[in-house]
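Taking it in order: structure first as structure tokens, then the write-up.
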Amino acid sequence: QVQLVESGGSSVQPGGSLRLSCKTSDYGASAACMAWFRQAPGKSREAVAAIEADGRATYADPVKGRFTISKDTAKNILYLQMNNLQPVDTAIYYCAAALGGFACYTAPTADEWYDTWGQGTQVTVSS
């Protein structure tokens with residue numbers, strides 16, 4: 001069974017930065033797509049960013065220019081670098097992997113493709 005383990009969540013002030021990590025197994029790292037999603041209190045889960053096997057990245061509009069998704073294939077770790085954090089970024093952040101094939105390429109940030117999820121890590125942005 002593939003496991004995804006997130007880390008790096010914390011409390012920061014507006015304008016601050018954090019880097020989230022998601023550790024997985026070799027099989028998990030071979031997913032066609034991996035992504036970060038988030039869920040704020042009282043809101044639906046939303047996509048943050050996704051990365052395809054070839055490294056192509058897709059970002060949700062609210063985070064473009066501030067967040068960067070990347071992966072270290074040697075260490076099987078997915079990252080999310082978050083800069084200029086704002087209170088609206090407060091949420092639980094989840095790592096996800098699409099292990100069922102390459103259909104995720106059609107819409108990498110659509111959660112329907114993701115079949116394996118981590119437990120989440122809390123990010124709080126407040127002054």
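Everything numeric here is computed off the predicted structure, so don't read it as measured data.
Every pair tested for ring pair (Phe, Tyr, Trp, His ring centres under 6.0 Å) that includes a residue from residues 78-99 fails, sequence neighbours excluded, so the list is empty. For the side chain to side chain donor-acceptor pair (under 3.5 Å) condition, the pairs that include at least one residue of residues 41-54, sequence neighbours left out, are R38-E46, R45-D111.
For the side chain to side chain contact (heavy atoms under 4.5 Å, CB included) criterion with V48, the lone passing option out of T58, I69, V63 is V63.
Shortest non-hydrogen contact noted between A31 and A98 is CB-O, 3.4 Å.
The distance between the ring centers of W36 and F67 does not fall below 6.0 angstrom.
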Show me the side-chain donor-acceptor pairs of residues 8-24 shorter than 3.5 Å, one per line, residues at least two apart or across chains.
from : atom 1 : to  : atom 2 : distance (Å)
S17  : OG     : N83 : OD1    : 3.0
K23  : NZ     : K75 : O      : 2.5
T24  : OG1    : Q3  : O      : 3.3

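With rounding to the nearest 0.5 angstrom, the CG atom of L99 is 9.5 Å from the SG atom of C104. Summarising the geometry, atom CD1 belonging to I77 is positioned 11.0 Å from atom SG belonging to C95; distances are rounded to the nearest 0.5 Å.
Using modelled atom types, no side-chain atom of T124 and backbone atom of T90 make a donor-acceptor pair closer than 3.5 Å. N84 places no side-chain N or O within donor-acceptor distance of the main-chain N or O of R66, the cut-off being under 3.5 Å.
Scored by the side chain to side chain contact (heavy atoms under 4.5 Å, CB included) test, A50 finds A35, P108, T109, Y114 as partners (sequence neighbours excluded). Residues that satisfy the side chain to side chain contact (heavy atoms under 4.5 Å, CB included) test with T68, not counting sequence neighbours, are Y59, Q81. Every ring-ring contact (aromatic ring centres under 6.0 Å, His included) that Y105 has, sequence neighbours left out, goes to F102.
Residue W117 is grouped with residue I92 when hydrophobic side chains (ILVMFWY) are merged at heavy-atom distances under 4.5 angstrom, including chains of intermediate members. I51 and L80 fall within the same hydrophobic cluster, defined by Ile, Leu, Val, Met, Phe, Trp and Tyr side-chain heavy atoms under 4.5 Å apart, directly or through other members.
A 4.5 Å side-chain heavy-atom check between Q119 and L4 finds every atom pair outside the cut-off. In this structure, the side chains of M82 and V123 come closer than 4.5 Å at one or more pairs of heavy atoms.
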